[in-house]
There are 2 protein chains.
Amino acid sequence: MIKYAILGLLHYKDMHGYRIKEHIEQNFGHMWSINYGQIYPNLKKLHEDGLISMTEMNQTGEKGPKRKLYSITGKGKQEFSRWLEESPEKPMLLRDPFLMRFVFYGFGDSERFVEIIGNQIKRYENDLKRRRKNLKRWDKNSIYVKLIAELGTSLNEMFITWLKHSREEILKDEQNNKKRERKTGKRRIA
Amino acid sequence: MIKYAILGLLHYKDMHGYRIKEHIEQNFGHMWSINYGQIYPNLKKLHEDGLISMTEMNQTGEKGPKRKLYSITGKGKQEFSRWLEESPEKPMLLRDPFLMRFVFYGFGDSERFVEIIGNQIKRYENDLKRRRKNLKRWDKNSIYVKLIAELGTSLNEMFITWLKHSREEILKDEQNNKKRERKTGKRRIA
DNA sequence: CTTTCTATATATACATAGTATATATTAAAA
DNA sequence: TTTTAATATATACTATGTATATATAGAAAG
């Protein structure tokens, strides 16, 4: 999939590897991240397959070694369009180290987990502030990029609501458990 | 992370590889999927590290080759608890072949994309029906498992709303573009 | 009664995604 | 003139995910 993301960016503008990462961070950093370890091997593969072409640049007055500027080829544009108009097979995949733990929170100390949930709420409330501030920035972009940014804030809002709801439910559940313990205790004494 | 998911399931109950997949599909199939290619190598590694123990079973009256039943060890429980009480570092990661394409829809034929968005809406509306039906089933489980199921439906609802909103915005944008074309056409004639 | 089918069960090879780190170049700062 | 910082590319390694191979035995078909 990253292959096509890179192809799409080169469809928009010629770039070298370092610039691709910069571009993604500036424009999609709120939802997507990428590493050089994914970029350079993919550029190499795309070049071998003839989907992109490469020119070594002799830039002056710039730091660092020579840039390798990549352009999408005709073949590349064709392959990109083919992919773009496919109806995607696989469903959305949500991976999160917090949610992975959440499933098993029944095995541990609920007080600690209420604390961790608090941390998550803080994190995503900060994210949301930043996203809302950036939303206006996308107005000049294509509606598609703007809509993706809107999805980001919606997801964020929904998740915060769910986190707060979960915290309440866990605290309620904990109090019920304590009550039950007290009752059992009394019976034992009696 | 899968390492800890498996450890968590074995914390709940002794299982062999095949059963682990079955269990995940029955209980978390709506949000999580796993393959034997992830399960068996992980079981092997966990066993080597002494976090789980293994007994070959001599089951009779059952199909297939001998099962290898795994149990979590004391060391495994310790390692699992350590992980469980960690505050997760990395943020949520949403990966979706549809959203990856969505970013680049400005490069292609909007009519085709409206069609694809329609397919997505159908898919997630079916998912939502299934999820709502299953929600009651989680009442008997731990509140954590139940809350995760609720998150699933919330995410689903939010995404459908966003898809419908996006479809409208794209159609509106298309009409604006056509109007602009007609105006430019007139000017050219005049 | 023996071949074929199906479900159970384990295992490995391979591809893709993601992290960590090594290396080179040059401008600017100390 | 050595060090630091930014630019730029590249590779090694780990984790995740897909595809496929292999084995066993009950059930069904002929």
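Per chain, numbering begins at 1; letters A, B, ... match sequence-line order. Just so it is clear, the structure is predicted and the values come from calculations on it, not from any experiment.
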I'd like to check the side chain to side chain donor-acceptor pair (under 3.5 Å) partners of Ser71(A); sequence neighbours left out, ordered by chain and number. Asp14(A)
Could you tell me whether the phosphate oxygens of dT19(C), OP1 or OP2, come under 4.0 Å of any side-chain nitrogen or oxygen in Asn35(A)? yes
Check each residue of residues 89-101 of chain B for a non-hydrogen atom within less than 4.0 Å of any atom in DNA chain C, then write out the ones that pass by number, or none. Leu93(B), Arg95(B)
Heavy atoms, side chains only, cut-off 4.5 Å: are Phe98(B) and Ile116(B) in contact? yes
Got a sec: does the CD of Glu125(B) have more than 12 other heavy atoms crowding it under 6.0 Å? yes
When rounded to the nearest 0.5 angstrom, what is the spacing between OH in Tyr105(B) and CD1 in Ile148(A)? 9.5 Å
To the nearest angstrom, the CE-C1' distance between Met57(B) and dT10(C) comes to 16 Å
Mind listing the residues from residues 38-51 of chain A sitting with a heavy atom below 4.0 Å of DNA chain D? Number order is fine. Tyr40(A), Pro41(A), Lys44(A)
Answer yes if the ring centres of Tyr124(A) and Trp162(A) are under 6.0 angstrom apart, and no otherwise. no
Distance in angstrom units between Lys3(A) NZ and dT16(C) C1', rounded: 12 Å
With side chains defined as the heavy atoms from C-beta onward, is the minimum distance between Leu93(B) and Asp96(A) less than 4.5 Å? no
Side chains of Ser87(A) and Arg123(B): closer than 4.5 Å at any heavy-atom pair? no
May I ask you to test the Ile39(B)-Tyr18(B) pair for a side-chain heavy-atom distance under 4.5 Å? no
Do other residues, nucleotides or ligands put more than 12 heavy atoms under 6.0 Å from the OH atom of Tyr36(B)? yes
Flag side-chain contact, heavy atom, 4.5 Å: Arg19(A) against Lys13(A): no
Roughly how many Å is it from CE in Met1(A) to P in dT18(D), rounded to a whole number? 12 Å
Checking all strands, does Ile2(B) fall into the base, sugar-phosphate, or nothing category for heavy-atom contacts under 4.0 angstrom? sugar-phosphate
Tracing side-chain contacts under 4.5 Å among Ile, Leu, Val, Met, Phe, Trp and Tyr outward from Met57(B) reaches Leu69(B)
Give Lys68(A) one of three labels, base, sugar-phosphate or nothing, depending on what nucleic acid heavy atoms sit under 4.0 Å from its own. sugar-phosphate
For Pro91(B) against Pro97(A), the heavy-atom pair lying closest together: O-CD, 4.4 Å
Tell me which residues in residues 14-28 of chain A put a heavy atom below 4.0 Å from DNA chain D, sorted by number, or none. His16(A), Gly17(A), Tyr18(A), Arg19(A)
Is it the case that the ring center of Phe104(B) lies less than 6.0 angstrom away from the ring center of Phe80(A)? yes
Can you pull every protein N or O that's under 3.5 Å from an N or O on nucleotides 22-30 of chain C?
from, atom 1, to, atom 2, distance (Å)
dT25(C), O2, Gly64(A), N, 3.2

